[in-house]
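Following: one structure in structure tokens, then a few remarks.
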Amino acid sequence: MDKTYDPHAIERTWYRKWEENGYFQPQGEGPAYTIMIPPPNVTGSLHMGHGFNNSIMDALIRYHRMRGYSALWQGGTDHAGIATQMVVERQLQAAGTNRKELGRDKFLEKVWTWKEESGSTITRQLRRLGSSIDWTRERFTMDPGFSKAVEEVFIRLYDEGLIYRGNRLVNWDCKLHTAISDLEVVSEEETGNFWYFRYPLVGGATTQDGKPYIVIATTRPETLLGDTAVAVHPDDERFRHLIGQKVDLPMCNRQIPIIADTYVDPEFGTGCVKITPAHDFNDYEVGQRHKLPLINILTKDGAINENGPEKYRDMDRFECRKQLVRDLETAGLLEKIEPHKLKVPRGDRSGVVIEPYLTNQWYVATKSLAEPAIKAVEDGQIQFVPKQWENTYFAWMRDIQDWCISRQLWWGHRIPAWYDAQGKIYVAPTEADARAKYRLADDVQLTQDEDVLDTWFSSALWTFGTLGWPEQTEYLKKFHPTDVLVTGFDIIFFWVARMIMMTLKFTGQIPFRTVYVHGLIRDAEGQKMSKSKGNVLDPIDLIDGIELDTLLKKRTDSMMQPQLAQKIDKATRKQFPDGIPAHGTDALRYTFYSLASTGRDINFDMGRIEGYRNFCNKIWNAARYVFMNCEEHKVTKPERRHDYSRADLWIQSRFQAALKKVNESIAIYRFDLVAQAVYDFFWNEYCDWYLELSKPVLWDEKANDEAKNATRYTLLSILEQSLRLAHPLMPFITEEIWQKAAQLLDITGATIMLQPYPEEDSSVVSIDVEAEIEWVKNVVLALRNIRGELNISPAKAIPAIFSKGTPLDRHFLEQHRVYLIKLAKLESIEWLTDTALAPPASMQLSGDMEIRVPLAGLIDVKAEQARLAKEIDRLKADSAKVEAQLANERFVANAPPAVVAKERERLSSFAGTLQLLQEQLEKIATL
RNA sequence: GGGUGAAUAGCUCAGCUGGUAGAGCGUCGCCCUUACAAGGCGAAUGUCGGGGGUUCGAGCCCCUCUUCACCCACCA
């Protein structure tokens, strides 16, 4: 083995072997364990969120696979309608053309080509993460089988009346020319204006203070062109007399009524609200109540259409706004302009301001679907982890709105609906089916609906669609419902909720038993990673490393604003002056696990990943040590427990503790605790103590062969078990090392992946042995403390004198001489019966036993005095605290006796130690 | 407006049913000791956001305030 761990060298080959040998496919006859990948966008590339998400899933799958489950991790990708279409449209634009010019068929060809080209990027990257996805079953949301499921669902819902077509206001994206759902609209607070306009009263009416006009306030002046009323509150004294009167709508040559509606808040603005039913959701409601006409004034691009006054026609909505304000000002109808903060709705993909727009769209009636979906969570059939997300889910589901599922795009599942000349709707898989189903005469002309379905409509079918539904396949029977869905909170509504609804509806089963909800991966400062901030980390770069220049280029490329690019350049140089070194997949994954605590957002810390890269190196080198000491011997399992050293038994016992902790923590999805347990055990116990404790045995020429074999066996078998313990987290390094460990232990099996997970075994847990080695550790620690504090070189062997203590101390001392000599680097050990004879020395306590390192020629008295003084101070502070507590009568009276006794004991032990140290200090002072 | 989460060492985070505050990174010493300098050994570091309360005892429970983040909602 190389001296230094090189992730690159080992990650390359293993993944290919695993995949080629079919190890990712469900194995054996065990119970099913299923995870469905949240399908990434087929043309996307891996980001930190994917990295995190898939690391978690892989750990779960590998763990369960090793525990004997027939584990299926179903992989696949999503066609991602809007996102993908946008990318291809951008490419066309760069080539000087557009989709309209190309036409639908040609355009779709282009998209498919692009999908074929780039679709492997994300799956290749998922492989780099070590994801043990069953690629033989990879699905795509637009492959024929899955499309069949989509079609089936649409038609059945339509036939049941749960999908309908409606003409109403939708969120319209003027750039993408499509409707989008409520969820795809993000409202951010922006600074805008409040414009106050005068609407002249008709027929000589005046306001209370005699003005011939009323004043309305608006944040959207251009919608004035579509106003069909002005509303006031029915109880508003100021305007009551005007209800039923009319106003002249400026610039429009129309008169509109003043109506009364409780929707109006008299306190807000002027108390008079312009009502534009065709361009505002609230106004629409008001309009419905008062039977107001709807005047649509916008084109699909967001320009003024033929319903607007000629002057403004074809003007963009924002251009029109400016012009209209100028015109009103000229006309003396602009009262004032105030700055105003308002929520501006924008499309999550396009970023443009969304318009409420009157169109025909397809909707899913969600109420009846939501009910059982709510119940499934209420009943605990589906559980969210952490549980608090259930409230979020309930809140949304209980107030769910009908879902607009049609999109005016080309890329996606085309809606299986046909229209005749009268616009009558026929829903069936194909035109021929439609004719048959509805018994249409041959001469009836049918045209298919131009629209496609919302991507999330198909995603909602993911858990059962991927398993072959509507066919009742063996896989569907065996692997559905799935076990756990691992996902970010950001798509609970988009995806999780809709999956639950659709899956219950069409399979009668829940889609998954557990929803593990995790947070977002942010940068070290807690900022969202985004291209424009230039703080994006690419998981692949963390694995492979990246040169500074390449990183800079990546971060500043295609940046619209040069100042921004400059800033990013500077920040990047500062954070990564030498680029990013390679850390390897295992280290990256381990970092994700270690940060995966209670479902909150994760700040990605470079310090962490370096630490875990070092951990990999530690494992690597520990293995080297073990192999170095074992490979030239035939190592066999010892016949008798008696052959094992105390250290051998100790590490076996400690391994059990770690294993238990790991099992418990995985069961509650606390991967941070899993990572911590494995790290602590391997580094702080196995490496720091056990490996050191093995040396005196292995290097002792007098030790018998049985003892040496037992230690070698323990070294190897604990290593081998630790590798299996850690394998779900760090698949590559564990596999690489395991191969050799298995060989030396005569374990057959081609891969660690398919080995059983370590079994808990209480028979090797020994409290006595643990206490004994704990004693050794304490003595060693005491001696090391003296050495460290007094700056005695680690190379210098020192004498140690022991005294006081219990018979057990004395027994252990004899028993573990060699351990102490090796670990504390002692030149001699002496037991002193009369402490009066003790030479001037530095002293430490282990329990009641006094440990002395004679000062003569070794150390400087001042340093020892300082050490003692420090210790005394600390003890004094501690005893003062305990003393105060014990002086409190109510504590003594009310606290459990055990607690009180413990405190008493502590106090007396403090006092004893304190006295000793003080004597020691005086003694030294005389030197 | 409603809701959720967070605030613990310089940084990133743990801290189970209330009973002596932990890890990693960083810092400071001493060391290339035959697995590992991506390492070993030792050390320092906290009025657990503020205030109140319950309790013998609060990082943890209750109230309140402050700050930050996020989610939902139609305020023109």
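Proteins come first, then strands; the chains are lettered A, B, ... in the order of their sequence lines, and each starts at number 1.
Across B:rA44 and B:rG51, the matching P atoms stand 28 Å from one another, rounded to whole Å. Annotation: B:rA14 and B:rG50 have their C1' atoms spaced 24 Å apart (nearest Å). Between B:rC71 and B:rG10, the two C1' atoms lie 33 Å apart (nearest whole Å). Taking atom C1' on both B:rA9 and B:rC25, the two are 12 Å apart, rounded to the nearest angstrom. Taking the C1' atom of each, B:rG59 and B:rC48 are spaced 5 Å apart, rounded to whole Å.
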- Take A:E222 and A:R220 through the test salt bridge (charged side-chain N to carboxylate O under 4.0 Å, His left out) and record every step on the way to the result. CA-CA 6 Å; A:E222 67 281 9; A:R220 303 220 37 202; 2.7 Å; yes

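In this view, A:Q401 and A:D182, A:D399 satisfy the side chain to side chain contact (heavy atoms under 4.5 Å, CB included) rule, not counting sequence neighbours. Taking the side chain to side chain donor-acceptor pair (under 3.5 Å) definition, one finds that A:Y679 meets it with nothing, sequence neighbours left out. Under the side chain to side chain donor-acceptor pair (under 3.5 Å) criterion, A:K3 pairs with no residue at all, not counting sequence neighbours.
A salt bridge links A:E692 with A:K695; the closest basic N to acidic carboxylate O contact falls under 4.0 Å.
You can see that RNA chain B meets the heavy atoms of chain A within a 4.0 Å-exclusive cut from B:rG5 to B:rA76, reading 5' to 3'.
The cationic group of A:R398 lies under 6.0 Å from the six-membered ring centre of A:F394 and within 45° of the ring axis, placing it in a cation-pi geometry. Remark: A:R784 is positioned above the aromatic ring of A:W689, its terminal NZ or CZ atom under 6.0 angstrom from the ring centre and at most 45 degrees off the axis.
Nucleic acid contact for A:K870: sugar-phosphate only, since backbone atoms but no base atoms lie under 4.0 Å from a heavy atom of the residue.
The list of side chain to side chain donor-acceptor pair (under 3.5 Å) pairs with a residue in residues 661-671 of chain A, not counting sequence neighbours, reads A:Y63-A:N663, A:R67-A:N663, A:K660-A:E664, A:N663-A:E760, A:R670-A:D672.
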- Query: Starting at the 5' end of RNA chain B, what dot-bracket string do you get if Watson-Crick and G-U pairs under 3.5 Å are bracketed, crossing pairs use [ ], other-strand pairs use | and unpaired bases use dots?
  - Reply: (((((((..((((.....[..)))).(((((.......))))).....(((((..]....))))))))))))....

